[in-house]
Each structure stands twice: as structure tokens, then as C-alpha cells.
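Please read the structure below before turning to the comments.
Throughout, a chain's letter reflects where its sequence line sits, starting with A, and its residues are numbered from 1.
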Number of protein chains: 4
Amino acid sequence: MSGPKDIPTFVKDERLVEMRREQIVRAAVRLFIEKGFHRTTTREIAQASRFSIGTLYEYISSKEDVLYLVCYDINARMREGLEPLEALEAPPDALLRLAIERLIRVVDAMDDEVLLIYQESKSLLPEALKDVLRREAEIVAFFARLLRAGRAQGVFRIAEEDIDLMAENIVVLAEMWAFRRWALRKQYSIERFIATQTRLLLGELGVPAESGRPAEGRPAAAGPSDVRSAED
Amino acid sequence: MSGPKDIPTFVKDERLVEMRREQIVRAAVRLFIEKGFHRTTTREIAQASRFSIGTLYEYISSKEDVLYLVCYDINARMREGLEPLEALEAPPDALLRLAIERLIRVVDAMDDEVLLIYQESKSLLPEALKDVLRREAEIVAFFARLLRAGRAQGVFRIAEEDIDLMAENIVVLAEMWAFRRWALRKQYSIERFIATQTRLLLGELGVPAESGRPAEGRPAAAGPSDVRSAED
Amino acid sequence: MSGPKDIPTFVKDERLVEMRREQIVRAAVRLFIEKGFHRTTTREIAQASRFSIGTLYEYISSKEDVLYLVCYDINARMREGLEPLEALEAPPDALLRLAIERLIRVVDAMDDEVLLIYQESKSLLPEALKDVLRREAEIVAFFARLLRAGRAQGVFRIAEEDIDLMAENIVVLAEMWAFRRWALRKQYSIERFIATQTRLLLGELGVPAESGRPAEGRPAAAGPSDVRSAED
Amino acid sequence: MSGPKDIPTFVKDERLVEMRREQIVRAAVRLFIEKGFHRTTTREIAQASRFSIGTLYEYISSKEDVLYLVCYDINARMREGLEPLEALEAPPDALLRLAIERLIRVVDAMDDEVLLIYQESKSLLPEALKDVLRREAEIVAFFARLLRAGRAQGVFRIAEEDIDLMAENIVVLAEMWAFRRWALRKQYSIERFIATQTRLLLGELGVPAESGRPAEGRPAAAGPSDVRSAED
DNA sequence: TATGAATGAGGTTTCATTCAT
DNA sequence: GATGAATGAAACCTCATTCAT
């Protein structure tokens, strides 16, 4: 499996398929977040998609297909959220800082969705699960590239062998904003969360903390480079 | 809800209740890991517990109760695994090092169970979920206490406000050994994982990396040392 | 598969299983005859069996199982109908005469059932179909044994190689009373049908027609032996 | 109902109707044989016919219509297979011999189709079923005519009243080559089957066996007349 | 205290047919 | 004449829970 194209449909008009599946995904994401995959019925999905159950099955061939479409879509939207970073030209440390912030903000905007992936991807059929994990891994791979680039330029102090694990760490320490929100949100603002996770991760890479958000016990110091995110 | 005691049962003999529920949990953990909560039937749970479906319902009053018992048990076993640390007397940094290693080893030994919590606790009834989260939080709280102690002694350079988040980070960076195993295990040994996560976390606390590979049962090194890891 | 014992059930009490399955078969035969296998719903079967759909599925595991039970039962009842012959002592030709008559009378009494087998056994699962055909073949084998005995005694003039085909012919020429009834019944009484098919088959075996039912163009002649069926 | 002409269609061009229906029948016979009538979907029929489901319904008005077309076609092809016999001039016994052989060869060539009729004609709508049975009966009637002619010439020794039953027997003893093939084919060649069934049937008519295939216990003797089938 | 047969609401999926284009 | 997307009743089957024994 590599994308929704591999899910069989009885409908020939590709445009229509894409459109209807978008409807399905929009409806299903909401329902799955609300009640979980197993407690959501196909009838509910059809109803929320604004067509009959029969029509639903013209576009997918099992409920698991809907889950795959949903997971695929969530992953795609997350990557879209990170896309602006690809084009960015900046020193590695600044870039990484930006990327971490961006990732956390994307996770914040899609927290329900991230949680959904953590909780329901196990219900995917094996083929689909493999595909979803591979796509997940591509987000990690993006960070691994950043790290490698920085290491090549001598900006990051990290062993080559540790790069992949570090990249996993980055993603997990961002996504926990979603799957640990019950613990985090009552005490931390997203700004503080971003600042702290960034400092933790860049600290390990031998990059001193950036100025602006002095933390107790840690002298505020101008970072070695100074690029602001496009959003600022 | 605060513990299995709050789950109603028709049986009066407390000993018996405890015994039977132990059977139930042993059977259900295995089944939930294998097939997930929703795909496991109460009939299967009864059968694997070696008694009838009727008897099962003498000791619980809904399938969700079984999930609660299972989550409770997993949490309890994890805390048991960390218990030896409570009595340990050692400098904060050594203690933390040990605690991180221990936690990761416990996660390694109970990886299926940790994953189960991540994936299925959403199906708990609200009351039960709250209880499970509270107990989860106690593991985090243990690390927060360690951090606070170290901070009080001036060994850890961390803001009071960051302590809770840092403690969450520790737990998440350990538990990811379970919920990211599909990505991690093909590349990393548990030893390397422990070493790297430890370095990352202690680095942030201003504690330089220890030499060698900390192994369980190894006497805590006194005070921070100034040796870089062999990998650097 | 070799008998209903191989159909899984959730119910442990074997007596009960047998009883309930009898109910199921009684209900299903009627329904299948009336509407055919595919047009009969499992709910109708449950209802006609006087229990809930859930209970139905405690005793079988698919609708095809019901069909198997039905086919098995029909075959068993047919063989029961022929059983009295097994004990009978008489010259081979008299025995065969009796057996043919008996078979036709059984087919007459179970004509709907015989038709059902012809029309619906194709819907059996492969394993079950094989079993049903094997049991069908045993009826044929009974006649083959009769023929072989008669041949051994020099009463039937038939090549060994033709015996199995001849036995098939006997069964088919009897069962056609069921599956060709739309053509036969408007013109023939069962008595005439029995007489004619018997003459045809015994004629081929070199046994002259029996007296009693003279046919035009054929001199009535005393048969070589003279045993009357128990029913006469 | 008397022929496909009575099945309503939205299409006016009769040529087109005939053409399309031929496509439908070709596709449907194959599918019905493969999976049975009920397990074949109209979508599959349309697809195999190389046009859309909408178009299918321009030429028929229900799935049962397709079954009727199929049964009608099978019957027509069987009769076509027997047609050469109509023109043949030969003594009745030779003619009957030929006709039986021919019928069996047609059944052999269309065994799946014959089986289909036996198994699925029950699903025809009452009107259509009546028509199919009537057409079936015409095959039987052909043999009845042969018998009557032979009787008139004094070649066959058979009572007038038995002629129709005898004709049914002929057809059934031929068609069993299809519907009992699971039992017959593992032991008999079609040649032997033809020979044996012919002998059985002609024996009953007082016609001695033909030379060529002497059967044990039965002296080989030249038949009273000697006409070879056109195929020889 | 233990059993397990019974229940039936509700799950997913199918498919003959229609009708706007 | 041809198309194929849309429909929804209805199919088969599951399973948490109860309750008489």
C-alpha cells in the first residue's frame, strides 16, 4: 500500500473519488476523535459525510480503509505544516530551532489528530499500518537531515550514530504536547513548552540557549545565529 | 475511583476476589496485548481465566472494569519495578542516572504493557481513566522529587517551574522505547538507548556525561564527573 | 467433516445441542423447501426454531452449517427408510424389487427434501459437500451390494464393471420421481411408476417381469422368486 | 411467457436487443456456472457483458430475466444439438440408438449448463419457470415421438401408456451424466456410459443389444438394424 | 459461589435497482 | 442509447450482559 490510490473503489471518476473521500475523512476524523475508531459506526460515518451507507461503500471497501484514509490525511497535513521549512535557508541551529517550534505548533493545532494516531493506528490492517509508520518515519527523517547537515558544518556536536535516535527524540518531545496534554496543559503554556523542549534538545547538541527566554540558573546569551520564523 | 476496591463484586470473600481478579488480569493483559481491548471478548477473558462467563461477572460488572484492572496492574508493576530506587541513598545525579536506567529497563520488560496503556486507556470509563492518569502521574512525580532534591542541593541547574515538564520528559523519553520500538529497535540496543537518553537529560540539567555505560546495580558514581562519553 | 459433531458450538451440553439442532433442522427444512436456501434468512430460521438469532448462533457458526445439518438429516432419514431392507432375507431379485419399491416410496414421502438436495447442495462449503456426496454414495453402494450378491448367485446377468453405473441408475430412476414430478405426476400414479421402473431395471438384469402387473405387449410371467414387500 | 420476446426492454431496435442479450447470456452463463445465480451480482453480469449496469437494465428488467434468458438459451442449444436427428431416416431402433448417443454427447458438451438448469431454474419467476419446463418437455416429447413411431412399426415392445415415462427415463439417464458426474466420471468413460445406457433402454424396449461392445453374460449379437451416427 | 444458555440490539457489508446526465 | 453514482433495505453475524439453576 502506498497511498489512498491503492484503496479500491467502484467509482470511476477520480475527481469525485477524491472529493468524496475528503468528505469521508473530514467526517471520520471528527468522529474517531470524539468516540474512537471502534465506537464509531460506519453508518455514523456515512451520515456525517452526508451520504448513504451504500455510497460510503462505493468509495472504500472496509471500515479499516476509512481509518487508513484518516491516518494518511493526518500525516499529510502534519507534513504540510512542516513544508515551509524545507525551503528555508539558515544556519543549522537556527533552522532546527525553527523546525522544533514549528513542529510543536503543528502538534498543538492537530493535537486530537496526533493522539488519534497514537491510539488507533494499531487497528490498521498490516499493510496500511506499515505505510503509515513509513510516512511517520519521514517526519523523523526530516529532522535527521537537519541534524546531519548541522553536524557536517560542525555546528552540532553529535555522533553520527546518535542522529536517528535524536531525531526520534525531537518528534516525541514535540508530540507529547498532544499525548500528555492532560498533564502538561494545566501547568505550561505552549510558549514555555516550546522554549524548554528547544533548550533541552539544542543543549544536547552543544548549542547554547538563545536569548529572549532566560531560564533560571542559565545565563541568557545570544544564540550563535539569529533567524526568526516566518510567522513572527 | 481509587483502586480495584471500588469495583463492585457480588462475592464477599475478599481473598477470593483478589485471587480471581489476579487470574482475570493475567488472562486479560495477554489477550488485550494480542488483540486489543475491543477485539477481545468477555468470553475469551473468562475462558483464559479458567472460569465461566457467569463467574467473570461475579467479580466485575463490565468489560471496562477488566480494562481498569489491567491498567491498574500494569501501573502497579511498573512502580514496583522502580521501588528499589526509593530506598537508595546516593547523590542526586547518580540517583537520577540510576532511575532513568531502571525506568527504561522496566519499560523494556513491559513494553507490550506500556503500549497497551497508550493505546487502550482511552476506553476506560471517565472515573477510571482519571485514576489511571493520576497513578501514571505518580511515576512522573517520583522523578520530579528527584529533580527537586538535586536542585535543592545545587546539583541540577533547572528552574523550579521546569521541573514538572522535565520529569514528564524523562518518563516519555523512557517510554518511547515501547511505543516507538518499531523505529528504535532495528537500530539501537537498549544499552545505547539508555546511555543516550541519560546523557540528553542530564546534559540539560547541567550534569556532564558519565564515562562508560551505566549498568543496573552499578554503584552510583559520587558527584558529577567530567568525562565525555566514548561516542563523542 | 463427518457428521454434525464437527460443527462447532458454544454450548457444552451435548443433549441440548442435539435437541436444538433438531429444532433448527425441522424449521430450516421447511423454509428451504418453501423459499430456497438463499432466500431464507437466518432470522427466519431462528424464529421458526422458536428462539432468538443469538441462540441460533450458539449452535451453528454460519448459515451454511444449517444447510449441512439439513442435508445430513435428509440423507439420514432416507437411509432410515431403507434400513428395514438390510435385515431382509430373500432371493436377490426379490430383494432388489423390494428395494426399488421402497426407495421410490421413500422418495415419494420425501420428495421436497430430495429436490432440495438436488438444488441446494451446491451451496454447501466444500468440506460439507464432500461429506454429503459421500453419504449419498452410500445409498448407491447399498444397491451395488445387492447387485453384486445377485450376480454372484448367477441371478443377475450383469458385468462387474457395470454394477456401479447400474446402481446409480437405480437411484436416479427413483429420485426422478421427486425432481421430475412436474412432468410425471400428472400422468402417472406412484404404483405404475414403481412397476415400470422396476421392470426396466430388472429387465436389464435379465430378470423377467413379475406377474401381477401385466403390461401391454409383454406376457405376464411368474418371476423366478416371489416375495412380497412388508407393506403389501 | 413464451420466449425472450416477452421480456420488456427500453430499446426499440430489435437487432440491438438480440445482440446485447446474446452478450448478456454469454457472460451470465459463465458466471452462473462459476458462482451460482444468487452469488452472481448484476454488476458482474454487466461488467462481463462489457457494458454498464445502466445499459444492462435497458435490456432486461430484473436479474431473474437474465436467468430466464440463460435457461432459454441452454435449452435452445441443447435442442440445436439434437436437431440433426430430426431429418434422419432410419429404422426406429437405429434412430433411437443414435438419439440417445447424441443426447448424451450434448449433455457431455454442456454438462455445466445442464447442471445449472437443475440447480437454478427454481429461482425463475413462476411464468418463466413454466416456460422453461415446457421447453424441457419438448426434448422429452421428441423421444416420445421416436418411441411411438417404433411402437407403431412393431419394433418397440412398449405399452402406449408407458411411452411418456420411458421418454422421461431416456432424458434423465442421459442428463445424469451431468448431474451425477462426481460419481460417474471417476469410473466410466463416456463411451461406456453411452453403451450401457443404450443397452438398458433398448433392452426394455425388446431390442437386443448391438454388436461391438459385448457385455459379460450377454452374447454379442448384431442389432436388427445397422445405421451409424453421422459423426462416425 | 459457580455455571452457561439465552438474549437481541446493533455491528459491518452487500447489491438490485433507479434516474439524472 | 449509454452511463454509472446513488440509494437503503436487508443480509449475516457478534457479543456484553443476565438470570435461572
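The separation between D:Leu56 atom CG and E:dC15 atom P is 15 Å, rounded to whole Å. For the pair C:Glu58 CD and E:dT3 P, the computed distance is 17 Å after rounding to whole Å. One interatomic measurement links the two molecules: NZ of B:Lys63 to P of F:dT17, which rounds to 8 Å at whole-angstrom precision. Spacing between atom CD of D:Glu64 and atom C1' of E:dA16 amounts to 9 Å, rounded to whole angstrom units. Atoms NZ (A:Lys12) and P (F:dA2) sit 15 Å apart, rounded to a whole Å. F:dC12 atom C1' lies 8 Å from atom CD1 of C:Ile53, rounded to whole Å. Here the C1' atom of nucleotide E:dT3 and the CG atom of C:Leu16 are 14 Å apart, to the nearest Å. The distance from atom NE2 of A:His38 to atom C1' of F:dC15 is 13 Å, rounded to the nearest whole Å.
Taking side-chain N and O atoms only, A:Arg20 has a distance below 4.0 Å to OP1 or OP2 of F:dA6. For the pair D:Thr42 and E:dC15, the criterion of a side-chain N or O lying under 4.0 Å from OP1 or OP2 is not met. The side chain of D:Tyr57 contributes no N or O atom lying less than 4.0 Å from OP1 or OP2 of F:dT3. Taking side-chain N and O atoms only, D:Thr55 has no distance below 4.0 Å to OP1 or OP2 of F:dG1. Residue D:Ser52 has a polar side-chain atom (N or O) positioned under 4.0 Å from OP1 or OP2 of F:dT3.
In secondary-structure terms, DNA chain F builds stems of at least 3 consecutive Watson-Crick or G-U pairs, each pair having both distances under 3.5 Å, at E:2-21 with F:2-21.
Counting atom types as modelled, D:Arg15 pairs no side-chain N or O with a base atom of F:dG1 as donor and acceptor under 3.5 Å.
Under a cut-off of 6.0 angstrom, the local environment of CZ in D:Arg77 is crowded, with over 12 non-hydrogen atoms contributed by other residues, nucleotides or ligands.
For the 3.5 Å distance criterion, the side chains of A:Gln23 and A:Arg26 fail to qualify, holding no donor opposite an acceptor.
For D:Thr41, counting side-chain heavy atoms from C-beta on, the closest listed nucleotide (F:dA11, E:dC15, F:dA5) is E:dC15. Side-chain proximity of D:Ser62 to the nucleotides E:dT17, E:dA5, F:dC13 is greatest for E:dT17.
Where A:Arg39 and C:Phe10 each meet DNA chain E at their nearest nucleotide, the meeting point lying more 5' is that of C:Phe10. Nearer the 5' end of DNA chain F, as judged by each residue's closest nucleotide, is the contact made by C:Ile60, out of C:Ile60 and B:Arg43. Positionally, the nearest nucleotide of DNA chain E for B:Asp13 lies more toward the 5' end than for the other of D:Phe37 and B:Asp13.
In summary, B:Glu58 and B:Lys12 do not engage in a salt bridge, as defined by a charged side-chain N under 4.0 Å from a carboxylate O. With respect to D:Lys35 and D:Glu44, a salt bridge is recorded, a charged nitrogen being found less than 4.0 Å from a carboxylate O. Using a 4.0 Å cut-off between charged side-chain N and carboxylate O, C:Arg39 and D:Glu64 make a salt bridge. A salt bridge is defined here as a Lys NZ or Arg NE, NH1 or NH2 lying under 4.0 Å from an Asp or Glu carboxylate O, and C:Glu120 with C:Lys122 meets this definition.
Among the protein residues, B:Thr40 comes within range of the sugar-phosphate backbone only, with heavy atoms under 4.0 Å from sugar or phosphate atoms but none that close to a base.
A cation-pi arrangement is absent between A:Arg135 and A:Tyr72, since the terminal nitrogen or guanidinium carbon is not both under 6.0 Å from the aromatic centre and inside a 45° cone about the axis.
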Apply the test side chain to side chain contact (heavy atoms under 4.5 Å, CB included) to residues B:Ile45 and B:Phe32: give CA-CA distance (whole Å), side-chain angles for both, the deciding distance (0.1 Å), then the verdict.
CA-CA 9 Å; B:Ile45 296 169; B:Phe32 290 171; 4.0 Å; yes
